[in-house]
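Step one of this worksheet: look at the structure below.
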Amino acid sequence: MLDEREILRRGLDTFAELGYAATTMRELARRLDVSHNFINDRYGSKGNFWRAVVDFALLDARPALDRLLAECRDDDERLRSVIVQLYRLAANASGMNRLIQDESTRDSSRLDYLHQRFIKPFWDSIEPTIDSLMAAGRIPRVPTHILYFAVTGPALALAQDPIADRLNPAAAPTTEQDRNSMADALSALVLHGLLPPSHGETSNA
């Protein structure tokens with residue numbers, strides 16, 4: 001029998017690849033190498049198992065972002081550091097990234113759960129920084145959802161490995177270092193447009 005972490009990891013991979021609707025109990029049992037009744041017996045339902053998978057996948061993400069918010073000295077540094085870390089998380093957790101990307105396209109209780117557990121707490125934590133930067137004229141005044149898409153859209157795109165491999169096969173990331181380099185290059189590009197260096201300083205994003 002697989003341990004709990006491996007069960008949840010395989011569950012994440014399955015939901016990320018197939019989507020919730022196409023992930024049958026039979027397919028979960030096959031990929032987890034468990035009996036057909038295992039999910040119902042252990043978690044109660046496919047929906048409960050999906051929520052357990054999400055909680056497992058988000059276990060380390062929020063604390064890492066919260067530490068950055070607490071450590072950074074000013075608003076510019078805080079937003080830059082959070083975006084860099086968010087993109088690194090997205091690049092190295094492609095299963096969760098794909099799951100969020102897929103669920104964000106449809107209205108469901110699962111999207112409510114993602115919004116409650118991660119999206120809203122994350123956005124609420126950086127909103128004071130964003131408001132301060134807007135008031136200072138450092139970033140454009142745009143509606144919240146537009147800025148959310150500007151920040152998170154490229155991060156979600158880091159889950160699109162198949163098209164990235166076709167666009168540039170030689171640069172396909174294979175190690176964590178490769179993925180971090182790709183994430184850093186993308187975050188630098190986004191930050192160059194969103195939060196350019198103030199007069200007389202150079203960006204170190």
Side-chain angles (χ1 to χ4, degrees), residues 2-20 23 31-32 50 52-72 76-105 114-115 117-119 121-123 125-126 129 147-197 202-205:
L2 300 173
D3 65 28
E4 185 79 2
R5 289 183 63 86
E6 183 62 14
I7 286 170
L8 294 170
R9 188 192 66 77
R10 291 192 185 187
L12 173 61
D13 290 344
T14 305
F15 284 125
E17 178 187 342
L18 302 178
Y20 182 84
T23 299
R31 296 196 183 201
L32 273 56
W50 181 93
V53 163
V54 168
D55 290 345
F56 164 74
L58 295 177
L59 188 63
D60 298 324
R62 276 307 311 274
L65 292 170
D66 287 343
R67 281 193 299 272
L68 282 177
L69 288 166
E71 292 169 0
C72 293
D76 273 49
E77 180 188 7
R78 188 174 297 114
L79 187 59
R80 290 181 187 279
S81 296
V82 166
I83 289 178
V84 168
Q85 179 68 10
L86 178 68
Y87 284 28
R88 286 189 172 197
L89 286 170
N92 288 288
S94 60
M96 190 58 194
N97 200 356
R98 281 183 289 160
L99 187 149
I100 291 174
Q101 184 180 50
D102 181 54
E103 294 293 348
S104 294
T105 64
L114 287 169
H115 182 252
R117 297 286 292 175
F118 180 69
I119 297 170
F122 163 69
W123 198 251
S125 69
I126 65 169
T129 296
L147 192 58
Y148 171 82
F149 293 144
V151 170
T152 64
L156 293 175
L158 287 166
Q160 298 176 7
D161 290 345
I163 187 59
D165 292 346
R166 286 164 173 77
L167 289 169
N168 193 357
T174 58
T175 67
E176 183 177 350
Q177 183 176 358
D178 293 334
R179 290 189 170 278
N180 284 341
S181 295
M182 181 176 68
D184 290 350
L186 187 56
S187 63
L189 184 63
V190 170
L191 284 164
H192 180 74
L194 178 66
L195 189 64
T202 58
S203 171
N204 58 1

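The basis for the numbers below is simple: all heavy atoms, side chains too, and nothing from hydrogens, waters or symmetry mates.
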Under the salt bridge (charged side-chain N to carboxylate O under 4.0 Å, His left out) rule, what do Asp161 and Arg98 come out as? Steps first, then yes or no, please. CA-CA 10 Å; Asp161 290 345; Arg98 281 183 289 160; over 6 Å; no
Side chains of Arg31 and Leu18, heavy atoms from C-beta outward: is any pair under 4.5 Å? yes
Could you tell me whether the side chain of Leu147 reaches within less than 4.5 Å of the side chain of Trp123, counting heavy atoms only? yes
In this structure, CZ of Arg5 is separated from CG of Leu12 (nearest 0.5 Å) by 11.5 Å
Any chance you could measure Cys72, atom SG, to Arg78, atom CZ, to the nearest 0.5 Å? 6.5 Å
First locate atom CG of Asp102, then atom CD1 of Ile100, and finally report the distance between them rounded to the nearest 0.5 Å. 11.0 Å
Measure the CZ-CD distance between Arg80 and Glu77 for me, rounded to the nearest 0.5 Å. 10.0 Å
Between Glu176 and Asn92, the two heavy atoms sitting closest are CG-OD1, 3.3 Å
For the OG atom of Ser81 and the CD1 atom of Ile126, what is their distance to the nearest 0.5 Å? 12.0 Å
Of the non-hydrogen atoms in Gln101 and Ala159, which two are nearest, and what is the gap between them? OE1-CB, 4.5 Å
Of all the heavy-atom pairs spanning Ala16 and Gly95, show the shortest one and how long it is. CB-O, 3.2 Å
Which pair of non-hydrogen atoms, one from Ala90 and one from Leu158, has the smallest distance, and what is that distance? CB-CD1, 4.1 Å
For a side-chain contact (heavy atoms from CB on, under 4.5 Å) check, start with the C-alpha distance between Leu114 and Met96, then their side-chain angles and the critical distance, and finish with the verdict. CA-CA 11 Å; Leu114 287 169; Met96 190 58 194; 3.6 Å; yes
Any non-hydrogen side-chain atom of Tyr87 less than 4.5 Å from a side-chain atom of Val190? yes
Are Thr152 and Ile119 packed together at the side-chain level, in the sense that at least one heavy-atom pair is separated by less than 4.5 angstrom? no
Smallest heavy-atom separation, Val84 atom then Ser187 atom, equals CG2-OG, 3.6 Å
Evaluation steps, side-chain contact (heavy atoms from CB on, under 4.5 Å), between Thr14 and Val53: CA-CA 10 Å; Thr14 305; Val53 163; over 6 Å; no
If you define the side chain from C-beta out and look only at heavy atoms, does anything of Val82 sit under 4.5 Å from Phe122? yes
For Trp50 and Leu99: C-alpha separation, side-chain torsions, deciding distance, then whether side-chain contact (heavy atoms from CB on, under 4.5 Å) applies. CA-CA 10 Å; Trp50 181 93; Leu99 187 149; 3.7 Å; yes
Considering only heavy atoms from C-beta outward, does the side chain of Gln85 approach that of Arg67 to under 4.5 Å? no
Minimum heavy-atom separation for Pro121 and His115, please, with both atom names. CD-O, 3.5 Å
Leu65/Leu89 under side-chain contact (heavy atoms from CB on, under 4.5 Å): CA gap, chis, key distance, verdict: CA-CA 10 Å; Leu65 292 170; Leu89 286 170; 4.1 Å; yes
N-O pairing of Arg9 and Glu6 below 4.0 Å: yes
